[in-house]
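A short worksheet on the structure shown next.
Computed over heavy atoms, backbone and side chain alike; hydrogens, waters and symmetry mates excluded.
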Amino acid sequence: SCEPNVFFNTTTMQLVALKEIQAEEEMTFFYPSTEWRMTQSFNCYCGSLACIGKIRGAAFLSKEAQEKYQFTDFIQQQLAKRPARKKVA
């Protein structure tokens, strides 16, 4: 989901609730939170107004999307290695 209610912390091996989850509610997860470049991308049909459409991994997220989601330590390291994009005047 592009509006996940859980996050899997691969460093601590813990599943963390990002918001209150009601009984019988599905747990939803944002794949790019743990995946840098996915071998097999797929179209997302989560139905969220904020849906990013094609799920390919964190390497392909916009800066705005990067600021919206929680990421594993590995993904945070990969994002930090990216050179800053130059602004065009």
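Put simply, OG1 on T28 and CD1 on I21 are 7.5 Å apart, with the number rounded to the nearest 0.5 Å. Taken from OG1 in T39 to CZ in R56, the straight-line distance is 14.0 Å, to the nearest 0.5 Å. With values rounded to the nearest 0.5 angstrom, Q70 atom CD is found 7.5 Å from N9 atom CG. We find the CD1-CZ distance between I52 and F30 to be 4.0 Å, quoted to the nearest 0.5 Å.
A donor-acceptor contact shorter than 3.5 Å is absent between the side chain of E35 and the backbone of G57. For the pair Y69 (side chain) and C2 (backbone), a donor-acceptor distance under 3.5 Å is present.
Under the 4.5 Å side-chain criterion, counting only non-hydrogen atoms from C-beta, T11 is not in contact with F74. Annotation: side chain of F71 is in contact with side chain of L61 (closest heavy-atom distance under 4.5 Å). Taking 4.5 Å as the limit, some side-chain heavy atom of R37 sits within range of a side-chain heavy atom of F60. Proximity of I75 to S33: side-chain heavy atoms (C-beta onward) are nowhere separated by under 4.5 Å. Residues K54 and F42 have side chains not in contact (no heavy-atom distance under 4.5 Å, counting atoms from C-beta outward). Within the 4.5 Å cutoff, the side chain of P4 has heavy atoms near those of the L18 side chain.
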*Would E20 and Q22 satisfy side-chain hydrogen bond (donor to acceptor under 3.5 Å, both in side chains), going step by step from the backbone distance to the final call?*
CA-CA 6 Å; E20 188 172 333; Q22 301 300 316; 3.2 Å; yes
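With sequence neighbours excluded, no residue forms a side-chain hydrogen bond (donor to acceptor under 3.5 Å, both in side chains) with E26. Shown here are the side-chain hydrogen bond (donor to acceptor under 3.5 Å, both in side chains) partners of S48, two or more places apart in sequence or in another chain: E3.
For the residue pair A58 and P32, the shortest heavy atom distance occurs at CB-O, 3.3 Å.
Under the 4.5 Å side-chain heavy-atom criterion for grouping Ile, Leu, Val, Met, Phe, Trp and Tyr, F8 is connected to M27 within one hydrophobic cluster. The hydrophobic cluster containing L15 also contains M13, counting ILVMFWY residues as joined when their side-chain heavy atoms lie under 4.5 angstrom apart, directly or transitively. Connection of F7 to M38 is not established within any shared hydrophobic cluster, with ILVMFWY side chains joined at heavy-atom distances below 4.5 Å, either directly or through further cluster members.
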